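As the structure is a computational prediction, the values presented were derived from the model and not from experiment. In what follows, every chain begins at residue 1, and chains take the letters A, B, ... in the order their sequences are listed. Below, all heavy atoms of this structure are taken into account, side chains as well, without hydrogens, waters or symmetry copies.
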2 protein chains.
Amino acid sequence: MRDLDDTDRHILRLLVDDARRPYSDIADHVDLSAPAVSDRIDRLRELGVVRGFTVDVDRSLLNTGVPVLVELDVPVDRAGEVATALGELDAVEHTFETADGAVVVQATVRDGDVTGLLAEAIDLEQVRDVDVRLLRGSEWSPSLGDATLALTCAECGNHVTSEGESARLDDKLYHFCCGTCLANFEDRFERLQSGA
Amino acid sequence: MRDLDDTDRHILRLLVDDARRPYSDIADHVDLSAPAVSDRIDRLRELGVVRGFTVDVDRSLLNTGVPVLVELDVPVDRAGEVATALGELDAVEHTFETADGAVVVQATVRDGDVTGLLAEAIDLEQVRDVDVRLLRGSEWSPSLGDATLALTCAECGNHVTSEGESARLDDKLYHFCCGTCLANFEDRFERLQSGA
DNA sequence: ATTGAAATCGGCCTAGC
DNA sequence: GCTAGGCCGATTTCAAT
């Protein structure tokens, strides 16, 4: 379990800037060979740090409706599921879940019927209050800073340090803080597998 | 001035899904040749609809600080510049400017000193109120719907229809609702050029 | 059709037991 | 001294223009 190093961050920054940049180009910047860059990007994907590559679309040039910022006040224990459900809506682009149980989403509505939109995804009964505001503009400026890995042990929930270990089970990568947690997890996993 | 057609939208959707997908692969999906796909993507870049290609990073796995959602209440006529100034900060990832003059930003702070961060970019005197909330999570789920072009005439501000025209001036592409607007704009542009 | 980029593979080097 | 991980260079296959 190696943490991210400066080279990883540099590669990430270059990709944030232009994800279609050739590996050979990246290689020049970080003073490595193209295959080495490819390996590192593979590893970042494996780790889940890189979820994928997308296109940055200027939605203000597209006629998809009116952009709004919607804030919902829901019971704290429901905030998670509400946020997830709303995120699945096509019209919703960003969802934020605050620690005190508010859910803020940025969406684009065709006809101004925000509550109708919300009702498609969630039960409005559990919403105590809704605040809708028209957006004049929005910007996205991704950056990275000096990020390091912040993985959570799949067994005990503790922070995974460089002493941690990882294992691939059923094609998914899990991280653990120590060998004991890994072993315990694998045990339970196997039992579930054979049971199912 | 052709509007977006189904093929353009299909290409965009495929790119949203995976921006490193080979053009030949896209070509198969939309029943075109790879060079034709390349041409279309070039055009989408020209139009400004695609701003670029990026990587989708899972920031929840990265230790960059504490994510917060900050709302500022500022005079309506200052909202624009405040939003822009804050957007330039490294720690700020999203900025939203609402029609009623509120500015909402999503940022990541190292030490919890949000006002210190804000002070780096803007004059706190003009801020009437600040509301800071801790974020438990955030999601980004890009989608497209049935988008069509919504360009604004650079001269008169009207909507540009398929009858509109475009022109490249000083390496930037401008759109106009009609030939008259184009001519007027070009005139002013030339005068500014020679004056400067 | 030409140019160029990505994946793959064998071998090398280094670090850590 | 052995193993594991990371990197390189060459090659081949495939993509971009």
Side-chain angles (χ1 to χ4, degrees), chain A residues 1-57 147-149 151 160-169 171-183 186, chain B residues 2 7-8 10-47 49-57 61-62 168 171 173:
Chain A
M1 270 307 308
R2 221 198 50 220
D3 203 332
L4 301 189
D5 61 13
D6 285 341
T7 305
D8 290 316
R9 281 185 285 270
H10 198 164
I11 291 174
L12 279 175
R13 246 175 262 118
L14 291 167
L15 286 177
V16 165
D17 201 55
D18 176 9
R20 284 193 79 103
R21 198 190 294 266
Y23 291 175
S24 52
D25 191 299
I26 300 175
D28 289 347
H29 275 86
V30 302
D31 235 11
L32 282 174
S33 71
V37 170
S38 172
D39 285 352
R40 290 180 99 117
I41 295 179
D42 283 351
R43 176 168 169 271
L44 291 168
R45 292 197 80 134
E46 285 273 321
L47 282 171
V49 170
V50 166
R51 270 196 290 237
F53 302 98
T54 33
V55 61
D56 178 12
V57 172
T148 56
L149 276 181
L151 302 174
V160 176
T161 68
S162 50
E163 272 81 58
E165 303 179 29
S166 302
R168 174 169 306 284
L169 299 167
D171 229 36
K172 199 176 166 322
L173 194 66
Y174 297 89
H175 307 283
F176 306 93
C177 62
C178 60
T180 315
C181 275
L182 197 170
E186 267 183 330
Chain B
R2 219 197 51 224
T7 305
D8 291 316
H10 198 163
I11 291 174
L12 279 174
R13 244 175 263 118
L14 290 167
L15 286 175
V16 164
D17 202 55
D18 176 9
R20 283 194 80 104
R21 195 189 296 265
Y23 290 177
S24 54
D25 190 299
I26 300 177
D28 289 348
H29 275 86
V30 301
D31 233 15
L32 246 51
S33 70
V37 170
S38 171
D39 287 351
R40 283 191 181 239
I41 295 178
D42 284 351
R43 175 169 169 270
L44 291 169
R45 290 198 82 134
E46 284 273 319
L47 282 170
V49 170
V50 358
R51 273 194 287 237
F53 302 99
T54 30
V55 61
D56 180 12
V57 172
L61 297 183
L62 297 179
R168 172 168 307 284
D171 230 38
L173 194 66

**Message:** Could you tell me if the side chain of A/R40 sits less than 4.5 Å from the side chain of A/D5, heavy atoms only?
**Reply:** yes
Whole-Å distance, B/Y23 OH to C/dA6 P, equals 12 Å
What I'd like to find out is whether the side chain of B/I41 reaches to under 4.5 Å of the side chain of A/V55, using heavy atoms alone. no
- Do the charged groups of B/R21 and B/D28 touch, with an N to O distance under 4.0 Å? no
Going 5' to 3' through nucleotides 12-17 of chain C and flagging B where a protein heavy-atom sits under 4.0 Å of the base, S where only the sugar-phosphate is that close, and - otherwise, we get ------
Rounded to whole Å, the CG-P distance (B/D25 to C/dA7) equals 13 Å
When you measure from the side-chain N and O atoms of A/S38 to the phosphate of C/dA6, is any distance below 4.0 Å, counting only OP1 and OP2? no
Whole-Å distance, B/D42 CG to D/dA16 C1', equals 11 Å
Between CG of A/D18 and C1' of C/dA5 the distance, given in whole Å, is 14 Å
Check nucleotides 3-6 of chain D for protein N or O atoms closer than 3.5 Å to its own N or O atoms and list the pairs.
residue: D/dG6; atom: OP1; partner: A/R2; partner atom: NH1; Å: 3.0

Walking DNA chain D from its 5' end, the first of A/R20 and A/D31 to be reached, judged by nearest nucleotide, is A/D31
B/F53 atom CZ is separated from D/dA16 atom P, nearest whole Å, by 11 Å
* Asked: side chain to side chain contact (heavy atoms under 4.5 Å, CB included) between A/D25 and A/L14: does it pass, once the steps are laid out?
  -> CA-CA 10 Å; A/D25 191 299; A/L14 291 167; 6.0 Å; no
When rounded to whole Å, the CD1 to P distance for the pair B/I41 and D/dA15 reads 14 Å
Taking the basic N atoms (NZ, or NE/NH1/NH2) and the acidic carboxylate oxygens, is any pair closer than 4.0 Å for A/D42 and A/R45? no
Main-chain N/O of A/L149 paired to A/D3 side chain as donor or acceptor, under 3.5 Å:
yes
Separation of D/dT17 atom P from B/I26 atom CD1, nearest Å, is 11 Å
Testing C/dA6, D/dA10, D/dA15 for proximity to the side chain of A/P35, the answer is D/dA10
query: Do A/L4 and A/T148 touch side chain to side chain, with heavy atoms closer than 4.5 Å?
result: no
Side chains of A/T161 and A/M1 in contact at under 4.5 Å (non-hydrogen atoms) | no
By nearest-nucleotide position on DNA chain D, the 5'-leaning member of A/S33 and B/S24 is A/S33
Taking the side chain as every heavy atom from C-beta outward, state whether A/V57 and B/L44 have any pair of such atoms under 4.5 Å apart. no
